[in-house]
Amino acid sequence: MKTPVLWVAACGLIDADGRVLVTQRPDGRDHAGLWEFPGGKIEPGERPEETLVRELYEELSVEPCLDCLEPLTFASHAYPDFHLIMPTYVCRQWDGMVRPREGQATKWAWAEDIVRLPLLPADIPLARHLAARLPKGRRFLT
Ligand SMILES: Nc1nc2c([nH]c(=O)n2[C@H]2C[C@H](O)[C@@H](COP(=O)(O)OP(=O)(O)OP(=O)(O)O)O2)c(=O)[nH]1
């Protein structure tokens with residue numbers, strides 16, 4: 001039997017210092033304890049950008065405008081039960097303050113740090129890709 005394909009959208013929110021927001025999957029969900037980028041499943045009829053506007057508000061209370069979502073790359077990863085395709089964006093402008101609404105831990109991570117976190121397997125190449133876009137060594141300047 002073929003493995004189903006799961007479409008998910010994810011986003012690296014990048015702050016003014018050049019750090020990216022990562023969130024930790026809470027207890028009770030698959031991959032609990034691992035870190036990921038905010039986002040979620042693309043619902044039928046939804047564009048990935050619309051998914052992100054919906055999910056970022058539901059998860060974190062922030063509202064990116066559609067035009068602020070810049071496509072970065074995508075993940076294509078075989079999990080045991082499904083194949084994940086995950087268009088991934090970056091966003092540097094949004095309305096509201098990050099307030100986690102689902103009990104998840106969050107962290108603003110420097111480029112050097114995101115690649116060292118225990119990430120969801122599909123996110124490991126994404127983190128490298130994203131880190132290449134962030135300023136290096138900034139944490140040593142402050
Ligand atoms: N949101 C998100 N999901 C990811 C990432 N990397 C990765 O492998 N996934 C996987 C984990 C899940 O199996 C799936 C997305 O599920 P989800 O649980 O975040 O989606 P959702 O918010 O729509 O979930 P649900 O509660 O409605 O089931 O994609 C990532 O960086 N962000």
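Predicted model only: the values in this text are computed from it and were never measured. All ligand and atom numbering here is 1-based and tracks the order in the structure.
Taking only nitrogen or oxygen atoms, main chain and side chain alike, F37 reaches within less than 3.5 Å of ligand 1. Backbone and side-chain nitrogen or oxygen atoms of R25 are examined, and one is located within less than 3.5 angstrom of a nitrogen or oxygen of ligand 1.
What sits closest to atom 8 (O) of ligand 1 on the protein, heavy atoms only, is Y79 OH, 2.5 Å. Among protein heavy atoms, the minimum distance from atom 3 (N) of ligand 1 is reached at E36 OE1, 3.4 Å. Atom 7 (C) of ligand 1 has L120 CD1, 3.2 Å as its closest protein atom, hydrogens excluded (heavy atom only). Closest protein heavy atom to atom 15 (C) of ligand 1: V8 CG2, 3.7 Å. Nearest protein neighbour of atom 13 (O) of ligand 1, counting heavy atoms only, is D30 OD2, 3.1 Å. Nearest non-hydrogen protein atom to atom 25 (P) of ligand 1 is K41 NZ, 3.4 Å. Atom 6 (N) of ligand 1 has as its closest protein heavy atom D123 OD1, 2.6 Å.
Neither the backbone nor the side chain of L126 has a heavy atom within less than 4.0 Å of ligand 1. Counting heavy atoms under 4.0 Å from ligand 1, residue E55 touches it through the side chain alone.
Close approach of ligand 1 to F82 is summarised as follows: ligand atoms under 4.0 Å from at least one heavy atom of the residue are 13 (O). Residue contact check: G39 has heavy atoms under 4.0 Å from atoms 1 (N), 19 (O) of ligand 1. Near M86, meaning under 4.0 Å from one of its heavy atoms, ligand 1 places the atoms 4 (C), 5 (C), 6 (N), 30 (C), 31 (O). Atom numbering of ligand 1 starts at 1 in the shown order; those under 4.0 Å from a heavy atom of A122 are 8 (O). Atoms of ligand 1 found under 4.0 Å from any heavy atom of L84 (numbered from 1 in listed order, with element): 7 (C), 8 (O), 29 (O).
The shell of residues lying under 4.0 angstrom from ligand 1, judged by heavy atoms, excludes E58. Residue contact check for ligand 1: R29 places a non-hydrogen atom closer than 4.0 Å to it.
Environment of CZ in R99: sparse, with no more than 12 heavy atoms of neighbouring residues, nucleotides or ligands closer than 6.0 Å. Enclosure of atom CD in E102 by more than 12 non-hydrogen atoms of other residues, nucleotides or ligands within 6.0 angstrom is indicated. Within a 6.0 Å radius of CG in D27, other residues, nucleotides and ligands contribute 12 heavy atoms or fewer. Applying the 6.0 Å contact sphere to CZ of F74 captures no more than 12 heavy atoms from other residues, nucleotides or ligands.
Side-chain contact between T73 and L126 is present, with heavy atoms from C-beta onward closer than 4.5 Å.
Results of the side-chain hydrogen bond (donor to acceptor under 3.5 Å, both in side chains) test with E36 over Q104, R25, Q24 single out R25 as the only residue that passes.
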Could you check F37 against V8 for side-chain contact (heavy atoms from CB on, under 4.5 Å), going step by step and ending with a plain yes or no?
CA-CA 11 Å; F37 300 105; V8 171; over 6 Å; no
Full working for side-chain contact (heavy atoms from CB on, under 4.5 Å) between W110 and D17:
CA-CA 9 Å; W110 297 106; D17 291 332; 3.9 Å; yes
Going through the checks in order, is the side-chain contact (heavy atoms from CB on, under 4.5 Å) test met by V90 and V20?
CA-CA 9 Å; V90 290; V20 65; over 6 Å; no
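Using a cutoff of 4.0 Å between basic side-chain nitrogens and carboxylate oxygens, R116 and E112 are not scored as salt-bridged.
Rounded to the nearest 0.5 angstrom, L52 CG and C68 SG are separated by 12.0 Å.
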